[in-house]
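All heavy atoms count here, side chains included; hydrogens, waters and symmetry mates do not. Being a predicted model, the structure only gives us computed values, none of them experimental. Nothing fancy with the numbering, it's 1 onward along the sequence.
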Amino acid sequence: MRVVVTGATGFVGQQVVKALSDRGDQVVALVRSPGKAAKQFAGVPRVEWLGYTPKAAGDWFSALEGADAVIHLAGEPLANGRWTPQRKQEIYDSRVVGTQQLVQAIAQCQQRPRVLVSTSAIGYYGTSDTETFVETHAAGNDFLAKVCGDWEAAAQGVTELGVRLVILRFGIVLGEQGALAKLLLPFQLYLGGPLGSGQQWFSWIHQQDLVRLILTAVDQVGMQGVYNATAPEPLRMADFCRILAEVMQRPSWLPVPAPVLQLLLGEGADVVLKGQRVLPERTLATGFEFHYPNAKTALTNLLKPRYTEGSR
Ligand SMILES: NC(=O)c1ccc[n+]([C@@H]2O[C@H](COP(=O)([O-])OP(=O)(O)OC[C@H]3O[C@@H](n4cnc5c(N)ncnc54)[C@H](OP(=O)(O)O)[C@@H]3O)[C@@H](O)[C@H]2O)c1
């Protein structure tokens, strides 16, 4: 297959590109910085990259012509410092306007891709300490819920073009980069503990399960609509940190007070101070099997080789 990928240089994107290449697919990565992509993808077979302007039409539209599938991961990172009004606008535009442009590009193809796998996030549901959310639940009403709702609505445009659409609402992705990498440092220094009250829900997915789910969504023609990309066993932040500490053989004793995070991240602190309990009901109904269904197995797989006795 020939697969076009946006956000290909990111934490998830790099792994998706590698997995596609490993199984023999041709990958076209649409990237904002071809120089960065050249370094990242040097030596990865069957991968080419093309500079593009995510929020504006351009020559890059032609890259979509005749592609078999599109995997759309691009978006301004949420955790890059304080949420200023400008950053919030870019968090929104990079996803909503970026997706509208991608749909425009697909509309202009003579031979359209058969499937678009588009990203969303569990922020779609808003936050709650008590509710459980499955795919049919309505959107929440905070800033991220609005971003996710409009992001998904923009992707829906391809269904009118006869293109199969799969939207994956990602939970917090556990892997070498992203949230886990940020959480590790205090634990490494024996200063780890839950963020805020610790009572907020933490719905997560192991990076390998996510990549397998994305590829499954490309391949399974029966998959259509919204699926939660979260492991079947979400847990509260304090429990997650306790297991993290156990696997790392470090204590979990020093909570990071909410005001400290609010000072550092502004409104963006809500991403870690508040959470939602999300279950992958439709995802499991497809027969998809999670290799890492609970936090203990996931963290042991990701961290154990680095934190066994003698390696400290
Ligand atoms: N990681 C998680 O825990 C998590 C959880 C929920 C949802 N998600 C969503 O999943 C997607 C992939 O996540 P990730 O962790 O791989 O993200 P990431 O590492 O931040 O990478 C995202 C990619 O998007 C592109 N990008 C960054 N800023 C952009 C902007 N302003 N406009 C257009 N493109 C931009 C970049 O690719 P180029 O520079 O090559 O263009 C970047 O490599 C993101 O949309 C993210 O919001 C992630």
Side-chain angles (χ1 to χ4, degrees), residues 5-17 29-37 39-41 49 51-56 71-99 101-102 118-124 126-127 142-151 154 168-189 192 195-196 200 202-205 207 210 229 237 240 256-276 302:
V5 183
T6 74
T9 59
F11 164 36
V12 177
Q14 289 171 57
Q15 298 177 68
V16 167
V17 168
L30 294 178
V31 298
R32 292 171 307 159
S33 162
K36 182 178 153 198
K39 281 194 199 115
Q40 275 192 359
F41 299 131
W49 47 91
Y52 87 131
T53 47
K55 289 184 288 183
I71 299 173
H72 180 38
L73 298 162
E76 170 75 15
L78 299 190
N80 264 4
R82 273 186 87 79
W83 283 9
T84 59
Q86 292 85 339
R87 282 216 52 233
K88 282 176 77 174
Q89 193 64 48
E90 185 55 17
I91 286 170
Y92 183 90
D93 288 348
S94 61
R95 291 175 171 78
V96 179
V97 182
T99 305
Q101 284 301 325
L102 191 66
S118 200
T119 312
S120 180
I122 56 172
Y124 175 89
T127 62
D142 58 15
F143 169 66
L144 285 182
K146 165 92 178 134
V147 171
C148 293
D150 290 356
W151 195 5
L168 298 178
R169 290 187 185 140
F170 292 9
I172 295 157
V173 185
L174 298 184
E176 281 85 28
Q177 299 174 42
L180 182 60
K182 290 195 165 69
L183 268 174
L184 285 185
L185 183 65
F187 281 89
Q188 278 164 344
L189 300 172
L195 309 179
Q200 67 275 39
F202 191 80
S203 296
W204 57 276
I205 185 167
Q207 58 185 6
L210 179 62
M237 171 67 87
F240 178 81
V256 185
V260 172
L261 289 164
Q262 275 149 353
L263 196 71
L264 289 172
L265 302 172
E267 195 184 339
D270 280 1
V271 175
V272 286
L273 291 173
K274 297 179 179 174
Q276 52 285 100
L302 289 165

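- Distance CG/Leu168 to OG1/Thr119: 7.0 Å, rounded to 0.5 Å.
- Nearest heavy atom pair, residue Gln276 against residue Ser203, reads O-OG, 2.7 Å.
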Arg87 and Asn80: side chain to side chain contact (heavy atoms under 4.5 Å, CB included), yes or no, with the steps? CA-CA 9 Å; Arg87 282 216 52 233; Asn80 264 4; 3.8 Å; yes

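- One finds the CZ atom of Arg95 at 8.0 Å from the SG atom of Cys148 (value rounded to the nearest 0.5 Å).
- The two residues Val96 and Ala154 make their nearest non-hydrogen contact at O-CB, 3.9 Å.
- Between Tyr52 and Leu102 there is no side-chain heavy-atom pair separated by less than 4.5 Å.
- The line from CH2 of Trp204 to CD1 of Ile122 is 12.0 Å long, rounded to the nearest 0.5 Å.
- Annotation: the span from Ile71 atom CD1 to Leu30 atom CG amounts to 12.0 Å, rounded to 0.5 Å.
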Walk me through it: do Gln207 and Leu302 pass the test side chain to side chain contact (heavy atoms under 4.5 Å, CB included)? CA-CA 9 Å; Gln207 58 185 6; Leu302 289 165; 3.7 Å; yes

Show me the donor-acceptor pairs, under 3.5 Å and distance only, between side chains in residues 265-274 and residues at least two apart or in other chains.
unit_1, atom_1, unit_2, atom_2, d
Glu267, OE1, Lys88, NZ, 2.7
Glu267, OE2, Lys88, NZ, 3.3

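- Residues Phe240 and Leu180 approach most closely at CZ-CD1, 4.4 Å, considering heavy atoms.
- To the nearest 0.5 angstrom, Leu189 atom CG is 10.5 Å from Leu184 atom CG.
- Contact between Ser94 and Glu76 at its shortest, heavy atoms only, is OG-N, 2.9 Å.
- Applying the ring pair (Phe, Tyr, Trp, His ring centres under 6.0 Å) test to Phe143 and every residue at least two apart in sequence or in another chain returns Trp83.
- For the 3.5 Å distance criterion, the side chains of Thr6 and His72 qualify, holding a donor opposite an acceptor.
- Remark: Lys36 pairs with no residue by the salt bridge (Lys or Arg N to Asp or Glu O under 4.0 Å) rule, at least two apart or across chains.
- Minimum heavy-atom separation, Gly13 to Leu73: CA-CD1, 3.5 Å.
- Take Tyr124 and apply the ring pair (Phe, Tyr, Trp, His ring centres under 6.0 Å) test, not counting sequence neighbours, and it matches no residue.
- Closest approach of Leu195 to Gln200, counting heavy atoms only: O-NE2, 2.7 Å.
- Rounded to the nearest 0.5 angstrom, Ser33 OG and Lys39 NZ are separated by 7.5 Å.
- Ala37 meets the side-chain contact (heavy atoms from CB on, under 4.5 Å) test with Thr9, Val31, Phe41, Trp49; sequence neighbours excluded.
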Let me see the working for Lys55 and Glu90 under side chain to side chain contact (heavy atoms under 4.5 Å, CB included), right down to the final yes or no. CA-CA 10 Å; Lys55 289 184 288 183; Glu90 185 55 17; 2.8 Å; yes

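- The salt bridge (Lys or Arg N to Asp or Glu O under 4.0 Å) analysis of residues 169-184, with sequence neighbours excluded, yields the pairs Glu152-Arg169.
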